[in-house]
Number of protein chains: 2
Amino acid sequence: MTSGLTERNKQRTRREMAEAAGRLFLERGYHATTVQDIADAADVSARTFFRYFPCKEDVITAIASASMDDAIDLLGGRSAKEPLGSVLTAMLTVALASVSENPDPVRAFQHMLRDTPALRGRWLEEQRKSRDRLAEALRPWFSDDSHPLAPHLVAGAAMLAVDEVITLWVDDRSVPDPLSLLDEALHILNGPLIFPGQP
Amino acid sequence: MTSGLTERNKQRTRREMAEAAGRLFLERGYHATTVQDIADAADVSARTFFRYFPCKEDVITAIASASMDDAIDLLGGRSAKEPLGSVLTAMLTVALASVSENPDPVRAFQHMLRDTPALRGRWLEEQRKSRDRLAEALRPWFSDDSHPLAPHLVAGAAMLAVDEVITLWVDDRSVPDPLSLLDEALHILNGPLIFPGQP
DNA sequence: GCAGTGTTGGCAGAATCTGCCAGGTTGACA
DNA sequence: TGTCAACCTGGCAGATTCTGCCAACACTGC
């Protein structure tokens, strides 16, 4: 059963390890945190850690996927008759919600990511997976005779906008509101950006 | 001296290690290849390997950066008076050159990458760095009063097109020519893709 | 309750990565 | 050409990451 005690215990253990890892990485850095430290903080053995995550780096993906998953799930409840632009902006607003709500922890986390190549790679890979899932979720908004790359390009453009907005926002404290910046980015992407003369 | 014997020996050692690693990864897989194997194939000690690359995964970046670097360097010799579209297509043609010229090794390498999360992360990180370098190289094509995100979004869109084209090409052997597919992707990105109604 | 399945912990061992030092090679100068 | 300083290399010890194995325990379904 998916709602049995065993399953709930596993989810709890997984969540506790991910939270402990995120906290310890922020406190003392990735390399200064051993798997034993994370296991101790989550009150399990180091051997159990590797049963939940293939390697130490992978614990970051449990954190990375969470935010985007909520946003992508939102598309399932939307009708394909709504304009693509509305559902995209609604989804990206959800994706940026945690950024607007508690900016300081997000900034610290992004700085930690930037300074840790081992984690950055996994983070980017998780982003890449979210891009593919988003493309799949957007398929109902495209007709059968549209180009096979179209959903992937739209999904990629959306993820690109979020990525660049966050990148700018993390280092520039004068950026007032990530959401309005995102809106500007989306409208630039919507215009003729490769061949400026040809609309 | 940058042209001394010592420097040339170092470059040769680095190249031999990268080539040996790429060959061994393809032959027997990433995890089945130890650093000792790579060092033996390049005729150095394992200790020396870690003097050239911070970790085993990083040997892949020496291969990843090469292709895009040539393409981006091409922008330095172009005038900012040329249309953005022309220089972008010229650059991306260079970037896809090795794909068109020897497709089979590139396909095998991409499959190996896809099946090896540890390498995929580093590959994506190198792609992300190339994106930033490309955005910087594109700056002359943007006026001072254009949006600060504009070069980054154009660079990101270009890299996105290449990425999705290669992803489709790797698995679908019916794709005739990656270059014409790239052209289609660029024109889709150039159109109103987020808000289809508003050009 | 009881058998069956699945999860956990501990241990041994391989592989990755680092600090350290001794020995050899290279490059600059006389 | 000879000498010295700087650098590169190899080897070793040790910490950490990650895996295979087995026994003990907890949960599930009857």
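Letters A, B, ... mirror the listed sequences (proteins, then strands); counts begin at 1.
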Query raised in the report: Which whole-number value in Å describes the distance from B:Phe53 CZ to C:dT18 C1'?
Result: 18 Å
Can you tabulate the close N/O pairs, meaning under 3.5 Å, that link protein atoms to atoms of nucleotides 11-14 of chain D?
unit_1: D:dG11; atom_1: O6; unit_2: B:Arg47; atom_2: NE; d: 3.3

Query raised in the report: B:Thr34 and B:Asp37: side-chain donor and acceptor closer than 3.5 Å?
Result: yes
Query raised in the report: Using a cut-off of 4.0 Å on non-hydrogen atoms, how would the nucleic acid contact of A:Tyr52 be classed: base, sugar-phosphate, or nothing?
Result: sugar-phosphate
Query raised in the report: Does NZ or CZ of A:Arg107 fall inside the cone over A:Trp169's six-membered ring, less than 6.0 Å from its centre and within 45° of the axis?
Result: yes
Query - Check: A:His187 ring centre within less than 6.0 Å of B:Phe195 ring centre - result: yes
Report summary line: Residue pair B:Val35/A:Lys10 against DNA chain C: nearer the 5' end by closest nucleotide is A:Lys10
**Report entry** Any A:Thr48 side-chain nitrogen or oxygen under 4.0 Å from OP1 or OP2 of C:dT8
**Finding:** no
Query raised in the report: For B:Thr13 and B:Arg51, does a side-chain donor sit closer than 3.5 Å to a side-chain acceptor?
Result: no
Query raised in the report: Which of these, A:Leu96, A:Val99, A:Val170, sits in a side-chain contact (heavy atoms from CB on, under 4.5 Å) with A:Val106?
Result: A:Val99
Query raised in the report: Between C:dA15 atom P and B:Lys56 atom NZ, what is the distance in whole Å?
Result: 10 Å
Query raised in the report: Once you round it to whole Å, what is the distance between P of D:dC27 and CD of A:Gln11?
Result: 16 Å
